[in-house]
Amino acid sequence: MNQTQNHPRTSAPLLGMSKAHFARRKITNIVMLSLTGAATVLAIIPLLWITLYVTIQGSRFLNIEFFTQLPTPVGVPGGGIVNAIVGTGLVVGVACVIAIPVAIIGAFFAADYPNTPLGLAIRFGTDVLSGIPSIVMGIFAYTIIVLPQRRFSAFAAGVALAIIMLPLVLRTTEEMLKLVPRGLREGSLALGASNWKTSVQVLLPAALNGVVTGIMLAIARAAGEAAPMLFTAFGSTGLVTDLNESTATLPHTIYIYAMSPFKDWQEKAWAAALVLIALVLGLNILARALTWWRARQMGLNY
Amino acid sequence: MAVATSQFTLKEIKHRLRHGDTIFDALTLIAGSLALLTVLAIGWQLWQESHLTRQAFGWELIFSADWDPYGDKFGALPFIYGTLQTSLLALVIALPLGLGISIFLAELATPWLSRTLGFLVELLAAVPSVIYGLWGVYVFAPTIVKPIGETLNSIAGFIPLFAGSVSPQYSRLAASLILAVMILPTISAVSRDVFQAIPRAQREAALALGATHWEMIWQVLIPYGLSGILGAVILGLGRALGETMAVTMVIGNNYNLTASILEPGSTMSAIIASQFGEASSIDLFRSALIEIGLILFFITLVLNLFARLLVWRVARRVPSEMRV
């Protein structure tokens, strides 16, 4: 932006501005604007560094066995993390079953009554819940499930992850419901459909793509959470068969392996990290691709 | 007349009931309230389950620096200090960077570039905490943190904050730097939304008065969006305070109260994560860790309430739609 270029020079001395002053302002402008670009590049370096390093390190120890075998003790070669993969799937599945229906139903209220005291309270509560650290969710699930039952369980882990997913899915669903064109709702009501039928049969299908994207992002977030697992799923070397048993999960396994003093476990931590990062970043990229594809379908310039 | 047009006439209520609208509304209200109720339930549970140490030690838990669980000494001051130190340092590093990113994305980059780079920055928030920890301990700390720490020590080693030697793996500095990377997406995304919500007329007025692009940003946009940016900063701080796995893995779990950022330390979340396994069978120990969790819950709750109010206030003042 060169506003000063065509500026009548004669006016500058009147305002007490010298040529040097203009030059300094222009240089400041260029330097500071370049720095903002540099900050952006600097922020992306860790992402590329982590992704590439995990990919290179992890793929060295990755093989079919890693996905199909149970872990081996320290020093015994081979073995895999099938228990952690199954455990993560189970725990995230439980979280989805609990969180998604509640989040979607709750989103209708937040979207239908946005500026009523109750609607505001719900949105506020949801925002606040999403800011509570995941470790606190873990302690909470521990106190309400693990302590009374006197055993660590996959179910408790599912509850902790459900609390993490709930605000994420609720807010995206609410946003998506608000994006549904007004005419669609009015058309349905004009045809005599009741409000709830309009919501369930017209608004929800129209918003569904966006809701699915939101759910994918919430799953990606939940699958990577290790902190709540310390108090709930706890970890196990066997394959989980019961929701009331403790189970291994991917992030928790990475933590245990990475912090162990054994070289072969540390190597397995990188391989497990590759599995987890591929899952999480894959879900994120897929969700973004879906959003982009949908926007193009609707003819938006996105 | 008013009664007749009101939607709450008897006929209307019967009509609504027949079609299930009332039931549906009640159902959505209950489901929606669950988030808020969960927040309250979390506070209540942590309060209840920490009654042993609250009764036995009172405020001593917060102000004592003596941590010896097997000698029944529970002073959480080193961890509260560690949490504040690492989070604030992370904030100091991440704020200028995050602000720079949001300015670049909102004001300078072409729409295509802004979307692509913005997505990559968002992906930083998607990388699981435990992977940051793994990378932090084995890659980032030895190659980047150690040289930075040695330089700081040689220049300003006489200040207690930079005293001592840097371990190649564990230090508060490593935790702070990783936290800075982890909260960057929060700060930059929220402030980008703030910048994008500022009316065009503000920019054009500044440029028309002869301001350079940077002067427009620095003297008009930033003051205009200041409370929103403050909200972004507080949301970032809230995230840093509660961050667990990455910090636990790189901070080195030193339970003594030392000032230096170059030495290993511990934080509130790190002490809970690293000692809960031992503590779960000892009632008093467990209660102490849950009370630390309660303090963490309370701090993040207050920060979040404050940040949301700030961001909402900007959203209300700015007539266009802006949500976070």
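The chains referred to below are lettered A, B, ... by the order of the sequence lines, with proteins before strands, and numbering in each begins at 1.
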Could you tell me the separation between the [atom1] atom of [X] and the [atom2] atom of [Y], rounded to the nearest 0.5 Å?
X: B:Trp214; Y: A:Ile27; atom1: CH2; atom2: CD1; result: 15.5 Å
X: B:Thr248; Y: A:Leu230; atom1: OG1; atom2: CG; result: 8.0 Å
X: B:Ile103; Y: A:Leu33; atom1: CD1; atom2: CG; result: 8.5 Å
X: B:Ile131; Y: A:Ile254; atom1: CD1; atom2: CD1; result: 5.0 Å
X: B:Thr28; Y: A:Leu118; atom1: OG1; atom2: CG; result: 10.0 Å
X: B:Leu123; Y: A:Arg288; atom1: CG; atom2: CZ; result: 8.5 Å

> Only one of B:Leu120, B:Leu117, B:Leu113, B:Leu97 forms a side-chain contact (heavy atoms from CB on, under 4.5 Å) with A:Thr40, so which one is it?
Replying inline: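 Of the listed residues B:Leu120, B:Leu117, B:Leu113, B:Leu97, the side-chain contact (heavy atoms from CB on, under 4.5 Å) partner of A:Thr40 is B:Leu117.
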>> Can you tell me which of A:Val31, A:Val200, A:Ile163, A:Val136 forms the most heavy-atom pairs within a distance under 4.5 Å of chain B?
In response: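 Max contact count across the listed options: A:Val136.
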>> For chain B, which candidate among A:Leu166, A:Val54, A:Thr126, A:Asn284 shows the most heavy-atom pairs at distances under 4.5 Å?
In response: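 Maximum pair count with chain B is reached by A:Asn284.
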Please identify, among [options], the residue contributing the most non-hydrogen atom pairs under 4.5 Å to chain A.
options: B:Phe119, B:Trp112, B:Phe297; value: B:Phe119
options: B:Ile272, B:Ile217, B:Leu99, B:Leu40; value: B:Ile272
options: B:Val137, B:Leu184, B:Val130, B:Leu36; value: B:Val130
options: B:Ala307, B:Ala109, B:Ala41; value: B:Ala41
options: B:Thr300, B:Ile144, B:Leu296, B:Leu134; value: B:Leu134

>> Can you tell me how the ring of A:Phe231 sits relative to the ring of B:Phe276, calling it parallel under 30°, perpendicular over 60° and tilted otherwise?
In response: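 Plane angle over 60°, so perpendicular.
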>> Run the side-chain hydrogen bond (donor to acceptor under 3.5 Å, both in side chains) test on A:Gln57 and B:Tyr138 for me, step by step, so that the C-alpha distance in whole Å, both residues' side-chain angles and the decisive distance to 0.1 Å come before the verdict.
In response: CA-CA 11 Å; A:Gln57 283 287 320; B:Tyr138 293 110; over 6 Å; no
>> Between A:Phe108 and B:Phe24 (judged by ring centroids, cut-off 6.0 Å), do the two rings come close enough to count as a pair?
In response: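 Yes, they do, as the ring centres are separated by less than 6.0 Å.
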> Are a donor atom and an acceptor atom from the side chains of B:Glu49 and A:Thr143 found within less than 3.5 Å of each other?
Replying inline: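 Side-chain D/A pair, B:Glu49 to A:Thr143: absent.
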>> Quick check against the 3.5 Å criterion: does A:Tyr113 have a side-chain atom that pairs as donor or acceptor with the backbone of B:Leu29?
In response: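 Flag not set: sc A:Tyr113 to bb B:Leu29 has no pair under 3.5 Å.
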> If only atom types and distance count, is the side chain of A:Asn195 paired as donor or acceptor with the main-chain N or O of B:Asp21 below 3.5 Å?
Replying inline: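 No.
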> Which atom names give the shortest non-hydrogen contact between B:Thr244 and A:Ala227, and what distance separates them?
Replying inline: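 In terms of heavy atoms, the two residues are closest at CB-CB, 3.9 Å.
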